[in-house]
Amino acid sequence: MTLAAANGGEPLIRWDWIGDHTGQLADLTAHHLKLALLPILFGLIVAIPLGLLCARWRWLYPPTLGVANVLYGLPSLALFMLCIPYFGIGSGGRADFTIIVPLTLFSLSVLVPNVVDGLRSVPDPVRQAATAMGFGTLRRLIQVELPIAVPVVIAGARVAAVSSISLVSVGTLIGNGGLGQLFVDGYSRDFTTPIIVSCVLIIVLALVSDGVLVAAQRLLTPWARRGTR
Amino acid sequence: MNLADQIRAAWTWLTASAHWSGGEGIPHRLLEHLGYSALALVIAALIALPLGALVGHTGRGGFAVVTVANFARAIPTLGLLLLVVTVTSIGLTPVIIPLIALATPPILVNTYEGVRGVDPDIKDAARGMGMTGTGILLKAEVPVAMPLILLGLRTAAIQVVATATIAAYAGIGGLGRYIVDGLARKDYPSVVGGSVLVVLLAVIVQLAFVGIRRAVVSRGLRN
Amino acid sequence: MIQFDGVTKRYADGTVAVDDLTLQIPTGQITVLVGPSGCGKTTTLRMINRLIEPTSGTITIDGEDVRAQDPARLRRGIGYVIQHAGLFPHRTIVDNIATVPYLLGWDKKKARTTALELMERVGLDTKMAKRYPYQLSGGQQQRVGVARALAADPPVMLMDEPFSAVDPIVRKSLQEEFIRLQSELRKTIAFVTHDIDEAIKLGHTVAVFKVGGVLAQHSTPDELLAEPADDFVREFLGGEKGLKRLRFNRDLDRQDEPGAERQDKPDVEAAER
Ligand SMILES: Nc1ncnc2c1ncn2[C@@H]1O[C@H](COP(=O)(O)OP(=O)(O)OP(=O)(O)O)[C@@H](O)[C@H]1O
Ligand SMILES: [Mg+2]
């Protein structure tokens, strides 16, 4: 490991570098979003039915939660490594799955417990009333419990999305980290500008995605109490 | 290399006696790893627990807390690490700072939500029995919020343990060395073996929290 | 008529919640089930719409064994009102009320029109139709609960402490409107409460239960007050003092109310025809 020299005299950020690299920054940003958000989409597609199954057959939940907890504890870097033999290394095409698959697993580990918690957050009188009015189990799950679970599911999606956007950058260590590519670029040249710029862009992406999800929740759940919660 | 090969290679690597002694050995690396993780976690807890409890208790500044936590969550850990390394030098600081940034949000938010969410009747009753602000916080709100607070600590601990692998990039060891060095040398068994060790550690942390929960959460509050 | 025949419910843990119950709930009348906490009132009620299955015995509605019917179909024909209303938080008031009509596949417009009519019937301003449950007071939510149970015009209604979660003044107005509504609709109603005043006030007949799910007495309020069957019932009515108070209140009730709707109350035969 090379020793980074203290960068005497050099300013923390050189604004002209940004102007010279807008094209590259735009490309990396787009790629970063793809790598980070596809896993959230896939995660939702898998987590919702899985959560419904766990709510329907309660014995399924403890083992599922156990697996989710283990997945949550996996270092993303380790998972990326494990995927290299299957999808290859580098950026773009098939190799993107080396990043997307592990992050999908990560987002599942956040989303599945949230879906189940959301379904369980349905007040008991509501569930009973639904049954008493003649809802079958499946209809009740889909028409009553799932809509009521939406705020909790979106809360999970927010955490998953923000984390995922930050985690993609770890992929730079295997050559596919979206904006994270600039970390190593800057680090190896002892040049802070790209590191700071990409950090800021990543934070902005995360906050914007978060805002979009909050807006989606407002739109989807006009019935939820506003304000504190 | 398929999954079975990966598992076999990792097993061979993990059970090789040469990997279990000396400064490069697993016990030493494990201790380093635990050391950074624990230090970061303790500092994060010292910041987040009192702050979260206070904001939850007074009900003021909640929005700011959630916003700051969200912002902190968005900070890319690796970027922050490499930035701090570039600006200062390799060492403990560049590792600890990003890990603290990582660990603070879940502890802060859960403590805040936990304390704030305590049933107003319970707070009323506590006040009615003559407890004052601090008394209510420590004797009523915190114990009732304990399950959520522990959940926050657990989330933080697991993330820190998993992410402390990046300590290798700041040149101060930890289990991440097996992964990072293995990657550089194209030594897959070392990568997989190191990953397995981190995963095991994360699982142990989970189990530890099950035990802690038993010990600190009142039976009346479990489930 | 709803008929219980030797019905027993023993829960998995061995608790006997209802013990060899034989009881008739006459058509078009309010039958109140009353008793101390844990005496099996809720269990009794929920066996009618098969939310709970009896361990032994049979329950029939108009001669048809409930167990012979598909549970979901059976339930759509029985209104059910519970303590905290159990409104769907994610649906507007009008859609909440129209839940069962939607389930039955009614035309959407017809279902909504019916729902709006019902809102007026239970004393809710139709301006609230587009609101969500959290925007209503507890008493208003309870009215929505009643309207929802009535939406598909089921002949049978099961009500489990529907008015106990609201304050006494709201409760009183809900009770009075309920009496008025019933005098128009003449549903077959099983009404659970642990409030003896409410039981005396609302019931054409009152069934008093003891802990262990044993029916202690089933008679009209007047008979109950005149001749408590045993010491338990007397005790439950509040002893001599309580009886005196209840009789007094009952006389007041009768003076309060315009004759017609109350006079036909004990007329069991007329209602059953
Ligand atoms: N699912 C269950 N499993 C085991 N026991 C039960 C169950 N549900 C009710 N019980 C028991 O059966 C008995 C009757 O319960 P039930 O709910 O019918 O009483 P209740 O008369 O409605 O009481 P309350 O007035 O408190 O609502 C009680 O002893 C109760 O503890
Ligand atoms: Mg009950």
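In the text below, chain A, chain B and the rest are named by the order of the sequence lines, each starting its count at 1.
Minimum interatomic distance between A/Pro151 and A/Gln217 (heavy atoms only, all atoms of both residues): CB-NE2, 3.4 Å.
Residue A/Arg127 does not touch chain C at all, counting heavy-atom pairs closer than 4.5 Å. When heavy atoms are compared at a cutoff of 4.5 Å, C/Ile78 approaches chain A solely by way of its backbone atoms N, CA, C and O. For C/Arg50, no part sits under 4.5 Å from any heavy atom of chain A, backbone or side chain. For C/Pro89, the parts sitting under 4.5 Å from any heavy atom of chain A are the backbone and the side chain alike. Within the 4.5 angstrom heavy-atom criterion, only backbone atoms of C/Leu87 (N, CA, C, O) approach chain A. Contact of C/Arg46 with chain A is made through the side chain alone, with heavy-atom distances under 4.5 Å.
In this structure, C/Asp107 CG and C/Thr113 OG1 are separated by 8.0 Å, a value rounded to the nearest 0.5 Å. Rounding to the nearest 0.5 angstrom, the gap separating the CD atom in C/Gln141 from the CG atom in C/Leu124 is 10.5 Å.
Atom CZ of C/Arg10 has 12 or fewer heavy atoms from other residues, nucleotides or ligands within 6.0 Å.
Between the side chains of C/Thr99 and C/Arg148, no donor N or O sits under 3.5 Å from an acceptor N or O.
Most heavy-atom pairs under 4.5 Å with chain C: of the set A/Pro125, A/Ala129, A/Ala132, this distinction falls to A/Ala132.
Taking the charged nitrogens against the carboxylate oxygens, C/Glu198 and C/Arg171 have no contact shorter than 4.0 Å, which rules out a salt bridge.
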